[in-house]
Amino acid sequence: MIDPSDFYQLLKDRDVEFLTGVPDSLLKSVSACFTDLAGEESHIIAANEGNAVGIAAGYNLSTGKIPMVYMQNSGLGNIVNPLLSLSSPAVYGIPMLLLIGWRGEPGVKDEPQHIKQGELTLPLLDTMQVPYFVLSAESDDVGGILDRAIAEARRQSGPFALVVRKNSFEPYQLKNRRPELSDFNRERAISLVAEAAGDGIVLSTTGHISRELYEFRKAGSGKCRDFLNVGSMGHVSQIALGVALARPEKQVFCLDGDGAAIMHMGGMGIIASRKPKNYHHVIFNNGVHGSVGGQPTIGDQMDFAKLAGQLGYNKSWSLSSENELIEFLQTWPNCDGPTMLEIRVGQGARKDLGRPAETPVENKSAFMNRFKDPE
Ligand SMILES: Cc1ncc(C[n+]2csc(CCOP(=O)(O)OP(=O)(O)O)c2C)c(N)n1
């Protein structure tokens with residue numbers, strides 16, 4: 001296995017000192033190490049992976065040095081455009097290293113949302129003509145691999161990818177943890193919101209939030225008929241918008257995370273512009289990418305309620321305790337939307353948090369049946 005601190009040092013020794021990206025469960029230890037060891041000026045957790053390629057390009061344009069962009073392979077979709085129309089040797093030719101966590105590698109058991117992406121990770125890189133090397137726990141001479149990757153990125157004047165297999169890096173515990181934004185337990189907050197949503201339509205975001213909602217439904221009625229957006233991080237607010245506009249007679253509740261909302265934040269302006277009266281957006285803001293290791297987002301600096309108000313949501317609030325939420329929920333589902341409720345919550349999730357037992361297609365059917373069947 002590769003020691004993440006050694007890896008960071010090997011990069012520095014080669015003058016690769018600027019790191020940007022979006023955390024990934026499989027690269028958890030290496031991105032936590034970047035958060036701890038690299039100063040703020042040389043490490044930026046970006047809003048999304050495409051933005052990270054942009055930041056890296058700006059760094060290279062102004063220093064001539066090679067940056068590293070790290071991501072989960074789910075982020076490949078976000079980087080296609082800036083790779084092909086910015087950093088490609090056929091356009092500006094901007095050398096950079098990409099470090100890509102390979103979820104869903106063929107033959108390795110993984111969650112359904114990672115299977116197709118995992119199967120197509122190398123073919124996608126081939127199609128984009130991005131050269132790559134696959135790193136694993138058995139890789140020795142990582143320094144030599146980096147030397148060749150850097151030389152190739154410089155020779156081609158374009159990106160070079162290191163695709164990282166599961167368990168390549170040794171565990172590393174993040175030390176610079178973001179202070180808690182509140183001590184309100186998120187699972188409890190989710191259960192209160194889901195209950196208040198009554199027979200409204202609920203959609204939830206990628207990661208722990210969907211898993212907590214699922215567990216709450218299973219413990220209650222035993223059935224989950226909410227749409228659990230296990231993949232496509234950052235898009236649940238727009239899926240919910242599509243539902244709300246098509247079904248104005250239903251109250252629609254979107255349970256979002258701070259990292260996910262920030263990833264494609266422009267969508268909030270589109271929600272506000274269409275003014276769906278039945279749309280209720282809830283952001284559970286813990287200030288971190290909790291599902292993939294707790295690396296910070298900019299959630300602590302965000303005032304989502306104020307932002308929503310400025311964008312044109314009808315009403316918006318922010319709160320951070322169970323008592324406030326219980327009182328608030330007496331009236332909220334009857335307010336005209338679009339509404340935004342930011343709930344500041346604590347970090348972390350239960351160690352024994354389950355995962356949906358149903359496939360995404362089964363989840364879709366149960367969700368779609370809600371529009372046919374009486375409850
Ligand atoms: C495009 C993309 N990039 C990265 C990931 C990996 N990922 C899964 S959940 C998550 C964190 C989500 O953060 P947030 O919305 O704040 O919710 P929390 O994890 O704190 O519950 C990340 C980065 C992903 N699934 N898709």
Side-chain angles (χ1 to χ4, degrees), residues 22 46-51 77-78 186 189-190 192-194 196-207 209-210 213 225-287 289 297-299 301-320 325 328-329 331-345 364 367-368 370-371:
V22 176
N48 65 57
E49 295 81 356
N51 285 182
N78 285 333
R186 187 184 54 203
I190 286 177
L192 289 168
V193 169
D199 64 357
I201 304 292
V202 179
L203 302 93
S204 59
T205 186
T206 322
I209 290 176
S210 276
L213 175 66
R225 307 178 86 194
D226 311 311
F227 186 81
L228 306 174
N229 183 45
V230 292
S232 68
M233 178 173 163
H235 294 299
V236 74
S237 70
Q238 305 305 294
I239 305 172
L241 177 62
V243 173
L245 294 174
R247 291 290 185 161
E249 76 284 7
K250 300 271 188 196
Q251 294 295 313
V252 175
F253 299 85
C254 172
L255 276 47
D256 217 343
D258 49 304
I262 290 163
M263 183 168 265
H264 295 297
M265 203 150 64
M268 285 171 55
I270 305 302
I271 295 163
S273 77
R274 301 309 297 253
K275 303 223 174 304
K277 282 191 171 157
N278 56 336
Y279 191 103
H280 306 286
H281 199 169
V282 187
I283 298 186
F284 296 90
N285 184 4
N286 57 4
H289 289 281
T297 65
I298 52 162
Q301 301 160 40
M302 296 285 309
D303 184 336
F304 283 107
K306 195 166 175 188
L307 175 70
Q310 285 171 344
L311 287 171
Y313 279 57
N314 188 34
K315 285 218 159 108
S316 55
W317 311 264
S318 179
L319 47 81
S320 58
L325 182 60
F328 173 82
L329 291 175
T331 52
W332 168 64
N334 304 320
C335 285
D336 271 357
T339 70
M340 155 72 68
L341 170 62
E342 176 197 24
I343 309 180
R344 295 196 149 214
V345 290
K364 180 185 85 167
F367 179 77
M368 290 185 76
R370 291 206 55 182
F371 298 103

- Has K275 got more than 12 heavy atoms of other residues, nucleotides or ligands less than 6.0 Å from its NZ? yes

- Looking at I298 and I262, what are the two nearest heavy atoms and their distance? CG1-CD1, 3.6 Å

- Task: Compare all side-chain heavy atoms of Q238 with those of I271 and state whether any distance is below 4.5 angstrom.
- Result: yes

- Item | Interatomic distance, K315 atom NZ to D336 atom CG [nearest 0.5 angstrom] | 8.0 Å

- Task: Determine the interplanar angle of the Y313 and Y279 rings, folded into 0 to 90°, and report it as parallel if under 30°, tilted if 30 to 60°, perpendicular if over 60°.
- Result: perpendicular

- Task: Measure across G257 and I209 and return the closest heavy-atom pair with its distance rounded to 0.1 Å.
- Result: CA-CD1, 3.7 Å

- Message: Minimum heavy-atom separation for R344 and S318, please, with both atom names.
- Response: CG-OG, 4.5 Å

- Task: State whether a side-chain donor-acceptor pair under 3.5 Å links D256 with H281.
- Result: yes

- Query: Is the closest side-chain heavy-atom distance between N285 and I343 below 4.5 Å?
  - Reply: no

- Please examine the side chains of L341 and L325, heavy atoms only from C-beta on, and report whether any two atoms are closer than 4.5 Å. yes

- Can you tell me how far CE of M263 sits from OG of S232, rounded to the nearest 0.5 angstrom? 10.5 Å

- Query: If you look at every heavy atom in S237 and C254, which pair is closest and at what distance?
  - Reply: CA-SG, 3.6 Å

- Compare all side-chain heavy atoms of L241 with those of P276 and state whether any distance is below 4.5 angstrom. yes

- Task: Would you tell me whether Q251 and N278 have side-chain atoms, one donor and one acceptor, within less than 3.5 Å of each other?
- Result: no

- Note on the structure: Rounded to the nearest 0.5 angstrom, the CD-OG distance for Q310 and S316 is 9.0 Å

- W332 and H280 aromatic ring geometry - parallel, tilted or perpendicular at 30°/60° bounds: perpendicular

- Item | Where V236 and L255 come nearest, the two heavy atoms and their spacing | CG1-O, 4.4 Å

- Query: If you round to the nearest 0.5 Å, how far is CD of E49 from CE of M233?
  - Reply: 7.5 Å

- Query: Going by atom types alone, do N229 and T205 pair a side-chain donor with an acceptor below 3.5 Å?
  - Reply: no

- Message: Return the NE2 to CG distance between H235 and L203, rounded to the nearest 0.5 Å.
- Response: 14.5 Å

- Query: Taking T206 for the side chain and G231 for the main chain, is one N or O donor matched with an acceptor at less than 3.5 Å?
  - Reply: yes

- Task: Would you check, one step at a time, whether the test side chain to side chain contact (heavy atoms under 4.5 Å, CB included) holds for M302 with M265?
- Result: CA-CA 12 Å; M302 296 285 309; M265 203 150 64; 3.8 Å; yes

- Message: Walk me through whether I201 and F253 qualify under side chain to side chain contact (heavy atoms under 4.5 Å, CB included).
- Response: CA-CA 6 Å; I201 304 292; F253 299 85; over 6 Å; no

- Task: Determine yes or no for a side-chain-to-main-chain donor-acceptor pair under 3.5 angstrom, with N51 supplying the side chain and A46 the backbone.
- Result: no

- Working for side chain to side chain contact (heavy atoms under 4.5 Å, CB included), residues F227 and I239: CA-CA 9 Å; F227 186 81; I239 305 172; 4.0 Å; yes

- Just do the side chain to side chain contact (heavy atoms under 4.5 Å, CB included) check on V193 and F284 with the steps written out, would you? CA-CA 11 Å; V193 169; F284 296 90; 4.1 Å; yes

- Smallest heavy-atom separation, K250 atom then R370 atom, equals NZ-O, 4.2 Å

- Note on the structure: To the nearest 0.5 Å, atom CG of D258 lies from atom CD of Q301 at 11.5 Å

- Message: Please tell me whether W317 and F304 form a close aromatic pair, meaning their ring centres lie under 6.0 Å apart.
- Response: no

